[in-house]
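Each remark here refers to the structure printed beneath this line.
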Protein chains: 2
Amino acid sequence: MGISERKEREKEEMRQRILEAALHLFRERGFEGVSIRNIAEAIEYSPATIYLYFKDKNELFYALQFEAMDIKRNHLLPSAAIEDPWERLLDFGRRYIDFGFKHPDLYDLLFIIKAPMDALENQQCWTLGVATHSFFVETVQACIDKRYFKSTDADTIAYTLWCHAHGLVSLFVRERMRMYPPEKREVLAWQSYEMIIKMAQTL
Amino acid sequence: MGISERKEREKEEMRQRILEAALHLFRERGFEGVSIRNIAEAIEYSPATIYLYFKDKNELFYALQFEAMDIKRNHLLPSAAIEDPWERLLDFGRRYIDFGFKHPDLYDLLFIIKAPMDALENQQCWTLGVATHSFFVETVQACIDKRYFKSTDADTIAYTLWCHAHGLVSLFVRERMRMYPPEKREVLAWQSYEMIIKMAQTL
DNA sequence: AAATATACTGAACAGTGTTTAGTAAAATCA
DNA sequence: TGATTTTACTAAACACTGTTCAGTATATTT
């Protein structure tokens with residue numbers, strides 16, 4: 001049955017074409033500024049067609065979130081190759097913040113936007129995120145084992161570092177740093193990262 | 001001219017009635033879930049009437065943001081009475097996080113929601129925010145002066161602490177802590193606060 | 001009493017997400 | 001082959017959104 005195979009392939013291609021157009025538009029105009037009709041126009045199909053491939057706008061959103069999670073994963077991946085856990089942790093943090101600054105729209109999509117997080121489509125995205133987080137906690141644990149920290153509570157240390165990095169990126173992404181001059185914002189952020197690292201060392 | 005005075009008072013009352021209804025609805029259904037028509041219905045006026053008191057939905061949003069900022073200010077205010085800067089800083093941080101947990105919708109409005117931040121109405125809100133931030137930085141400076149920190153860079157210390165608190169609250173508010181069991185989330189957050197305080201002490 | 005200013009509204013416009021009935025084309029069956 | 005079913009798609013509608021504007025009834029001033 002070569003036909004049904006081709007059909008399935010075509011269906012998958014169409015799905016990808018929709019996602020591509022959506023991600024493209026989204027990175028151009030922000031998530032709120034993209035409508036089903038926009039996407040439909042971009043791929044030269046009727047709006048109703050999109051509903052043959054995605055249940056609703058939420059499910060399209062979940063799929064996009066998954067794409068973003070994959071891009072983030074690839075951005076952080078090189079850290080995993082670093083042997084020394086402390087150096088790995090440093091590199092990981094730097095890459096996390098760098099991802100946020102380089103792809104504010106994707107960071108937004110992953111960590112800031114309010115959306116129901118319980119759809120099936122989103123499950124695998126969440127799995128990927130949890131995996132990355134586990135890798136992070138494991139690295140912290142490895143640092144504990146090598147006596148880089150005094151505290152032995154890996155969960156709390158990891159969460160504390162994550163809070164800092166997330167706060168840093170999201171204050172930047174959502175433009176809540178107006179009390180600092182524009183050119184100082186990114187500098188201050190990186191200084192703060194250096195500071196939290198030094199603080200962590202003494203913990 | 002008693003009439004024009006009364007008119008002005010009535011106009012202000014109407015403005016307040018709109019804001020009250022909007023804030024009420026917003027805290028019930030989230031910001032995205034509130035429409036001009038909803039608000040109009042709540043105060044039993046036509047949607048067009050709202051546009052006689054606010055230029056557009058954004059300006060209504062700014063006014064709400066100002067209300068939220070005021071509530072936050074009152075929530076943090078008691079800290080100012082504490083003499084010792086270190087104790088004041090601790091209390092301030094605790095109150096900041098507590099505000100976020102108790103009023104996630106208002107926190108959202110103030111620090112997370114994406115919106116143009118340059119309208120006139122928003123100016124005074126921003127002024128209030130900057131004042132609070134200045135108070136925070138001054139407290140950090142007072143701690144530096146009393147040798148509670150080793151570092152002398154008040155800006156970076158303040159920003160680092162703010163990043164942590166904001167990251168903590170916004171991960172909670174935007175439900176990005178799914179990898180931890182629900183009952184552990186708030187506990188972990190407060191543990192993390194304790195940890196950053198201890199870290200800061202050794203800085 | 002007439003003219004003007006004020007406060008408000010109904011109806012419309014262009015946009016949104018989503019559903020449904022219907023239509024051509026493709027694949028399958030006889 | 002020709003008839004039938006399945007597939008892929010769309011036009012049109014529904015109920016919503018923010019926003020504007022012509023029109024109206026009341027209150028104030030002349």
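In what follows, every chain begins at residue 1, and chains take the letters A, B, ... in the order their sequences are listed. Reckoned from all heavy atoms, side chains included, excluding hydrogens, waters and symmetry mates.
In this model, the phosphate group of D/dG18 is not approached by any side-chain N or O of B/N58 to a distance below 4.0 Å at OP1 or OP2. OP1 or OP2 of D/dC9 lies within a sub-4.0 Å distance of a side-chain N or O belonging to A/Y45. Contact between the side-chain N/O atoms of B/N38 and the OP1/OP2 oxygens of D/dT17 is found at a separation under 4.0 Å. For B/T49 and C/dT9, the shortest distance from a side-chain N or O to OP1 or OP2 is below 4.0 Å. Considering only side-chain N and O atoms, A/K57 lies nowhere under 4.0 angstrom from the phosphate OP1 or OP2 of C/dT18. In terms of phosphate contacts, A/Y53 brings a side-chain nitrogen or oxygen within less than 4.0 Å of OP1 or OP2 of D/dC9. Contact check, B/R6 against D/dT28: a side-chain N or O comes under 4.0 Å of OP1 or OP2.
Heavy atoms from other residues, nucleotides or ligands lying under 6.0 Å from CD of A/E41 number 12 at most.
In this structure, of C/dC8, C/dT18, D/dT19, it is C/dC8 that holds the atom nearest to the side chain of B/M14. Side-chain atoms of B/D56 lie closest to D/dT19 of the nucleotides C/dT18, D/dA27, D/dT19. The side chain of A/I36 has C/dG17 as its nearest neighbour among C/dG17, C/dA27, D/dT28. Residue A/A48 has its side chain nearest to D/dA11 when only C/dT18, D/dC21, D/dA11 are considered. Set against D/dA11, C/dC8, D/dG18, the side chain of B/R37 has D/dG18 as its closest nucleotide.
Of the charged side-chain nitrogens involved, at least one lies within less than 4.0 Å of a carboxylate oxygen, so that A/K102 and A/D98 count as a salt-bridged pair.
Between the side chains of A/T139 and A/R88, at least one donor N or O sits under 3.5 Å from an acceptor N or O.
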Legend entry - Trace of the side chain to side chain contact (heavy atoms under 4.5 Å, CB included) decision for A/L106 with A/F26: CA-CA 9 Å; A/L106 300 184; A/F26 161 61; 4.1 Å; yes
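Between A/I50 atom CD1 and D/dA11 atom C1' the separation is 15 Å, expressed in whole Å. What separates OH of B/Y51 from C1' of D/dC21 is a distance of 13 Å, to the nearest Å. As rounded to whole Å, 16 Å separates atom C1' of D/dG18 from atom CZ of B/F61. Whole-Å rounding puts the A/E41 CD to D/dT10 P distance at 13 Å. Between B/L60 atom CG and D/dT17 atom P there is a gap of 14 Å when expressed in whole angstrom units. Spacing between atom NZ of B/K11 and atom P of C/dA5 amounts to 15 Å, rounded to whole angstrom units. One can place NZ of A/K7 at 8 Å from P of D/dT7, the figure rounded to the nearest angstrom. For the pair A/K55 NZ and C/dG17 P, the computed distance is 15 Å after rounding to whole Å.
The side-chain tip of A/K55 does not point at the ring of A/F61 from less than 6.0 angstrom away and within 45° of straight on.
Note on A/S35: only backbone sugar-phosphate atoms sit closer than 4.0 angstrom, heavy atoms only; bases stay farther off.
Ring geometry for B/H166 versus A/H166: interplanar angle under 30°, hence parallel rather than tilted (30 to 60°).
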